[in-house]
Protein chains: 2
Amino acid sequence: MYRISQLAKRFGLSRSTLLYYDQEGLLCPSARSEAGYRLYSERDLDRLAAIASFRKAGLSVEEIRAILAAPEKGEQSVLKRRLAAVGEEITALKAQQSLLARMLRVQSGEALPESMDKATWVAMLRAAGMDDRAMETWHAEFERRAPQAHHAFLLSLGIAEQEALTIRRLSQSAWAGAEGGDPD
Amino acid sequence: MYRISQLAKRFGLSRSTLLYYDQEGLLCPSARSEAGYRLYSERDLDRLAAIASFRKAGLSVEEIRAILAAPEKGEQSVLKRRLAAVGEEITALKAQQSLLARMLRVQSGEALPESMDKATWVAMLRAAGMDDRAMETWHAEFERRAPQAHHAFLLSLGIAEQEALTIRRLSQSAWAGAEGGDPD
DNA sequence: ACTAAACCGTGAAGCGGTAGACGGGTCAAG
DNA sequence: CTTGACCCGTCTACCGCTTCACGGTTTAGT
């Protein structure tokens, strides 16, 4: 049996948050001491773990309540909905980013190199001693192990869809060619 | 002279928003009709354009007030601060994204091999001929050129916040001159 | 037994920005 | 002069907590 502040510390939450969860009926302690103190059981602890996890995923208290009340019913759809919403939020923030960048550039002419682009990336790998051949091997490995992540990565470097596909195709053929055994 | 709802429609804002701006002293109509209606002049219109722009960049009403009161004074720093904050928000949302993806994966039973983790990444680089020392150099380069992207990248490999910070700190010191120590 | 610190409970107010309800004013047509 | 549509200003509620205030309880030390 834990008291409220112990539990809070254990989960890295504040006491107020737990009070709020109680008030909202999301996590009501399964017992009270004689003095009226909230006492949380092991089962409460598990429930809180789930709650904290869902909150980290950005679900609202309302949504979490629904999921915990009937998990089999709509958990999946709630999560999917949230996933879509997160995507939109990221898109919106990226728009803010470029707007801010434009505003700053107007002001000071220069832009900061906060994000990664193709040239920077290649320069980094070269600085670490990678040559053309090594990079080719690397792309092939990436494509073989995680084609989708490979694609996403190329796009994240600002490479266009078309070019990304080309690179991936080349990577695949490199791998196919290496299959026969072609040690360095 | 525009009335409040006309102005709202013109800027794609809601009437409530303009009411709120007035209440906060951010955009007070320069006149009132006999019946007490808010009347906005052309100059108010310009001011609103600026406000809307800053809001689109995610600045708070408070920050916008400061900028409009003394543009020459701290506009730049406010924008930079916001830019950094946006970066962090994006990072946080990406973390939510992967958490959600993991949750959905657990539900649907299958683990897709589509995403990249630390071990896979390291294995790929090794396959391409990178050794410990090269990786160290690479981290240092990444940290130097784009610290924020470096951080986001580490998190995308499923590395925890704490560990990511440790790696970044090591990368910085490696850059600063000290060498040796342990690799990935 | 007493005190001080650290805990606990409840209740209420606050944050930013938006949305809605409410009652009343304005302006057309009839 | 009335009806109805629409606009206005003001006030309140919402999210997910956080902070504050006030008073009771527990714990440790003397």
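The figures that follow rest on heavy atoms only: side chains count, while hydrogens, waters and symmetry mates do not. Keep in mind that this is a model prediction, so the values were computed, not measured. Note on naming: letters A, B, ... go to the chains in the order of the sequence lines (proteins, then strands), and numbering restarts at 1 for each one.
- Distance CD (B/Gln6) to C1' (C/dT26): 13 Å, rounded to an integer number of Å.
- Between atom CG of residue B/Leu18 and atom CZ of residue B/Arg38 there is a gap of 9.0 Å, rounded to the nearest 0.5 Å.
- Using a 4.0 Å cut-off between a side-chain N of Lys or Arg and a carboxylate O of Asp or Glu, B/Arg65 and B/Glu62 qualify as a salt bridge.
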Whether each nucleotide of nucleotides 11-25 of chain D has a protein heavy atom under 4.0 Å at its base (B), only at its sugar-phosphate (S) or at neither (-) is summarised, 5' to 3', as -----BBBB----BB
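- The distance from atom CZ of A/Arg55 to atom CD of B/Gln96, rounded to the nearest 0.5 Å, is 8.0 Å.
- The interatomic distance linking A/Leu18 (CG) with C/dT10 (C1') rounds to 16 Å, in whole Å.
- Between B/Trp121 and A/Phe142, the ring planes are perpendicular. Angles over 60° get that label, and only those under 30° would be called parallel.
- Separating the CD atom of A/Glu34 from the P atom of D/dT27 is a distance of 12 Å, rounded to the nearest angstrom.
- In this structure, B/Arg65 does not reach the C/dG16 phosphate: none of its side-chain N or O atoms is under 4.0 Å from OP1 or OP2.
- The CG-P distance, from B/Asp22 to C/dT18, rounds to 15 Å in whole Å.
- For the residue pair A/Leu79 and A/Phe54, the shortest heavy atom distance occurs at CD2-CE2, 4.2 Å.
- Atom P of nucleotide C/dA12 and atom CD of A/Gln23 are separated by 11 Å, given to the nearest angstrom.
- Atom-to-atom, CD1 of B/Ile4 to C1' of C/dA19 comes out at 14 Å; the value is rounded to the nearest Å.
- Side chains of A/Leu27 and A/Asp22 form no contact here, defined as non-hydrogen atoms less than 4.5 Å apart.
- For A/Arg3 and C/dC7, the shortest distance from a side-chain N or O to OP1 or OP2 is not below 4.0 Å.
- Toward the 5' end of DNA chain C, the nearer of the two residues A/Lys9 and B/Leu13, judged by each one's closest nucleotide, is A/Lys9.
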